[in-house]
Amino acid sequence: MDDVEKYLRTRSQKDPEFDSEYTQAKLNQQLGYAVWQLRTDMQLSVKDFATVIGQSEQDVTAMEDGSKELTVKELSDIAEKTDKKINFQFS
């Protein structure tokens, strides 16, 4: 475990609000990566993907960089509009 991981673990244990925000940020990054992967697998630009899913280019960029918290409804809409299925898994 490196120093950053130690810091994050210690801070999360001491500060429940930090832990909650950090956990959400990690989830946002994972979902953002999944959206990016879907778009690149479809070989679409941000602009074209935004058109397909009915969102703005700025929203797609925010999804992909993890700054937008995606809801299950939004993920479901993206899956429907791209003719994909969503798979959730705990590991």
Rounded to the nearest 0.5 Å, what separation is found between the [atom1] atom of [X] and the [atom2] atom of [Y]?
X	Y	atom1	atom2	result
Leu38	Glu64	CG	CD	9.0 Å
Thr82	Arg39	OG1	CZ	13.0 Å
Ser67	Gln29	OG	CD	8.5 Å
Leu70	Lys68	CG	NZ	6.0 Å
Thr51	Leu44	OG1	CG	9.5 Å

Thr61 side-chain N/O to Glu57 backbone N/O, donor-acceptor pair under 3.5 Å: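 It does hold such a pair.
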
Hydrophobic cluster membership, [X] vs [Y], 4.5 Å side-chain cutoff:
X	Y	value
Ile86	Val60	yes
Val72	Leu27	no
Leu31	Ile78	yes
Trp36	Met42	no

Would you indicate whether [X], at its atom [atom1], is surrounded by more than 12 heavy atoms from other residues, nucleotides or ligands within a distance under 6.0 Å?
X	atom1	value
Asp2	CG	yes
Phe90	CZ	no
Asp41	CG	yes
Lys81	NZ	yes
Glu5	CD	yes
Glu80	CD	no

Student check: side-chain heavy atoms of Met63 and Ile53 closer than 4.5 Å: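 A side-chain contact under 4.5 Å exists here.
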
Minimum side-chain heavy-atom gap Phe49-Thr40 below 4.5 Å: no

Partner set under side chain to side chain contact (heavy atoms under 4.5 Å, CB included) for Thr23, not counting sequence neighbours: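 Scan of Thr23 (side chain to side chain contact (heavy atoms under 4.5 Å, CB included), adjacent residues dropped) gives Asp19.
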
Polar side chain donor-acceptor pair, Tyr33 to Gln37, under 3.5 angstrom: yes

